[in-house]
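Here the structure is laid out as structure tokens; the discussion comes afterwards.
Atoms considered below: every heavy atom in the structure, side chains included; atoms not considered: hydrogens, waters and symmetry mates. Here, residue 1 is the first one in the sequence, and each next residue gets the next number. Everything quoted here is computed from the prediction, not taken from an experiment.
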Amino acid sequence: MNELQTLFFEQPLWAQSAIGLIALALVAAIVNFLIKHVLLRLAAPFLDTRSLTADKAAARLANVVPAMIVGNGINLVPNLPPKVVLVVQNVCDALIVVFIAFAISGALNYVNEVYARRPEAKNRPIKGYVQVLKIVIYCGAAILAIATLMERSPLLLLSGLGAMAAVLLLVFKDTILSLVASVQLSSNDMLRVGDWIEMPSMSADGDVIDIALHTVKVQNFDKTITTIPTYKLITESYRNWRGMKEAGGRRIKRAIHIDQSAIGFLSDAEDEKVRRFRLLGDYLDAKRAELAEWNEKSPGENPVNARRLTNIGTFRAYVAAYLKAHPHVREDMTMLVRQLEPEPEGLPLEIYCFTDTTDWNEYERIQADIFDHLIAILPEFGLALYQQPSGLDMRAVGQPVTSGSAAG
């Protein structure tokens with residue numbers, strides 16, 4: 001050992017400093033390796049095996065030890081100028097503050113991850129609050145690190161921030177707005193991950209996949225992602241379909257446009273024809289009794305003054321009975337069959353009811369089955385759908401009548 005010391009001190013001053021720096025760097029590197037690749041691996045089974053977040057937080061905290069070794073060991077390196085030693089110590093102290101801040105940030109990420117596994121996390125996420133805490137921690141770490149480098153008290157820097165309050169409010173305007181919006185969204189249960197929302201002003205129509213401090217991510221049904229500033233969900237209107245899912249029924253609201261030229265009174269033959277429908281038995285019996293009672297008040301009058309059944313009214317009654325008997329239409333929710341104001345495209349007969357499922361695919365199947373049946377059965381009531389003439393219809397009108405056709 002004495003020979004090594006003698007050999008060391010026989011070297012030039014710059015060589016002694018270089019050897020000391022290399023030795024210090026090696027010690028710091030070896031300690032860093034032992035902590036991260038030995039101690040942390042031994043401790044890994046005792047950490048959360050379902051996530052690497054805790055491991056990353058521990059690795060960031062482990063960086064503090066090499067920084068402390070360098071900061072304290074720099075005094076042992078010979079022949080270094082005092083100013084160099086002071087700068088290295090200050091930089092190491094600042095790095096320690098930064099590493100601790102990163103470790104706390106990683107710990108907060110782990111807390112959010114553990115909370116996200118709980119059932120109530122879907123309704124009340126804490127990601128926004130975690131991000132606010134991380135901002136506070138980073139700001140505090142930045143102040144402490146700068147104060148350490150400048151060798152000044154952190155209170156001195158904080159006192160100078162008073163004059164920068166207006167600037168800070170301007171810089172963090174969106175953050176403040178988003179924080180207030182996050183609190184309102186969470187406390188009022190206005191939005192959850194998994195909700196289907198529509199926000200035309202932001203071209204959003206899909207499921208909420210992430211709620212953060214500054215943004216809410218919506219995966220649209222075309223698989224694109226729309227990012228909405230959080231405060232926009234407070235200042236602008238949007239539609240949340242969660243109520244529909246919780247109610248367990250999805251609305252059908254669609255009209256059949258009936259050709260008004262086909263609407264008329266039922267003849268005796270047509271009346272007997274519609275009596276074949278089992279669903280219309282009670283309606284026809286009640287209606288016949290009502291009409292007979294009315295018409296008996298003015299016997300022998302012209303039939304034009306009598307009340308008679310119409311094909312559109314009978315069809316409307318059939319649709320109502322059909323919906324009431326349908327196994328996938330909710331009877332405990334609103335069910336209407338109503339006429340809307342006549343239009344150039346015909347008389348709209350609107351069907352308004354709710355299915356017993358909110359599954360999109362099943363809902364479309366039920367809706368299509370209902371209208372398939374109603375459109376197909378219209379001719380049984382002497383009615384027809386209105387359809388604008390197509391080019392093929394126009395060509396058929398312009399064709400001359402052949403002799404064979406005339407003879408037939």
Side-chain angles (χ1 to χ4, degrees), residues 32 35-36 39-40 43 47-48 50-72 89-118 120-121 124-187 193 210-217 227 229-231:
N32 183 62
I35 293 176
K36 291 184 177 180
L39 291 180
L40 289 183
L47 300 176
D48 193 341
R50 291 181 292 176
S51 170
L52 295 177
T53 308
D55 298 22
K56 292 179 180 179
R60 291 172 179 175
L61 186 61
N63 291 327
V64 172
V65 178
M68 294 177 63
I69 291 175
V70 173
N72 294 316
Q89 288 177 338
N90 291 341
V91 170
C92 289
D93 291 341
L95 287 175
I96 290 172
V97 172
V98 173
F99 291 148
I100 292 175
F102 284 158
I104 296 175
S105 175
L108 290 174
N109 288 337
Y110 178 67
V111 169
N112 179 63
E113 191 173 316
V114 172
Y115 178 78
R117 299 171 189 169
R118 300 171 62 88
E120 61 269 22
R124 299 185 179 276
I126 62 171
K127 187 174 182 179
Y129 304 110
V130 169
Q131 289 179 327
V132 171
L133 285 176
K134 288 166 71 174
I135 290 175
V136 173
I137 290 170
Y138 287 147
C139 290
I143 292 173
L144 290 175
I146 293 173
T148 301
L149 292 174
M150 297 176 61
E151 295 185 322
R152 294 288 186 272
S153 172
L155 296 177
L156 183 63
L157 293 177
L158 287 174
S159 63
L161 291 178
M164 300 177 61
V167 177
L168 291 176
L169 287 176
L170 181 62
V171 171
F172 292 103
K173 180 190 70 173
D174 290 343
T175 300
I176 295 172
L177 290 175
S178 298
L179 174 61
V180 174
S182 295
V183 172
Q184 290 182 331
L185 289 174
S186 177
S187 60
V193 173
D210 183 57
I211 302 176
L213 175 63
H214 293 92
T215 59
V216 172
K217 292 183 179 179
T227 302
T230 306
Y231 65 87

Step by step, work out the side chain to side chain contact (heavy atoms under 4.5 Å, CB included) result for D210 and V216. CA-CA 6 Å; D210 183 57; V216 172; over 6 Å; no
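Using a 4.5 Å cut-off on side-chain heavy atoms (C-beta onward), Y110 and Y115 make no contact. Q89 has its side chain out of reach of V70: every pair of non-hydrogen atoms, C-beta onward, lies at least 4.5 Å apart. At a threshold of 4.5 Å between non-hydrogen side-chain atoms, the residues N63 and N32 count as touching. For the pair L213 and T230, the minimum side-chain heavy-atom distance is 4.5 Å or more. A heavy-atom distance below 4.5 Å is not found between the side chains of I96 and T148. Side-chain atoms of L133 and V130, non-hydrogen and from C-beta on, never get closer than 4.5 Å to each other.
For the side-chain hydrogen bond (donor to acceptor under 3.5 Å, both in side chains) test, no residue two or more places apart in sequence or in another chain qualifies with D93. Judged as a side-chain hydrogen bond (donor to acceptor under 3.5 Å, both in side chains), and not counting sequence neighbours, N112 has no contacts.
Closest heavy-atom contact between Y231 and A181: CA-CB, 3.6 Å. When all heavy atoms are compared, the tightest approach of A145 to A94 is O-CB, 3.9 Å. The minimum heavy-atom distance linking R60 with F102 is given by the pair NH1-O, 3.3 Å. N90 and L149 make their closest contact through O-CD2, 3.8 Å (heavy atoms, listed as atom of the first residue, atom of the second, distance). Among all heavy-atom pairs drawn from C92 and G71, the shortest one is SG-N, 3.6 Å. Closest approach of A212 to S182, counting heavy atoms only: O-OG, 4.0 Å.
With rounding to the nearest 0.5 Å, the separation of SG in C139 from CG in L144 is 11.5 Å. S105 contributes atom OG, which lies 4.0 Å from atom NZ of K134 (distance to the nearest 0.5 angstrom). Of the inter-residue distances, the one linking I104 atom CD1 with N109 atom CG reads 12.0 Å to the nearest 0.5 angstrom.
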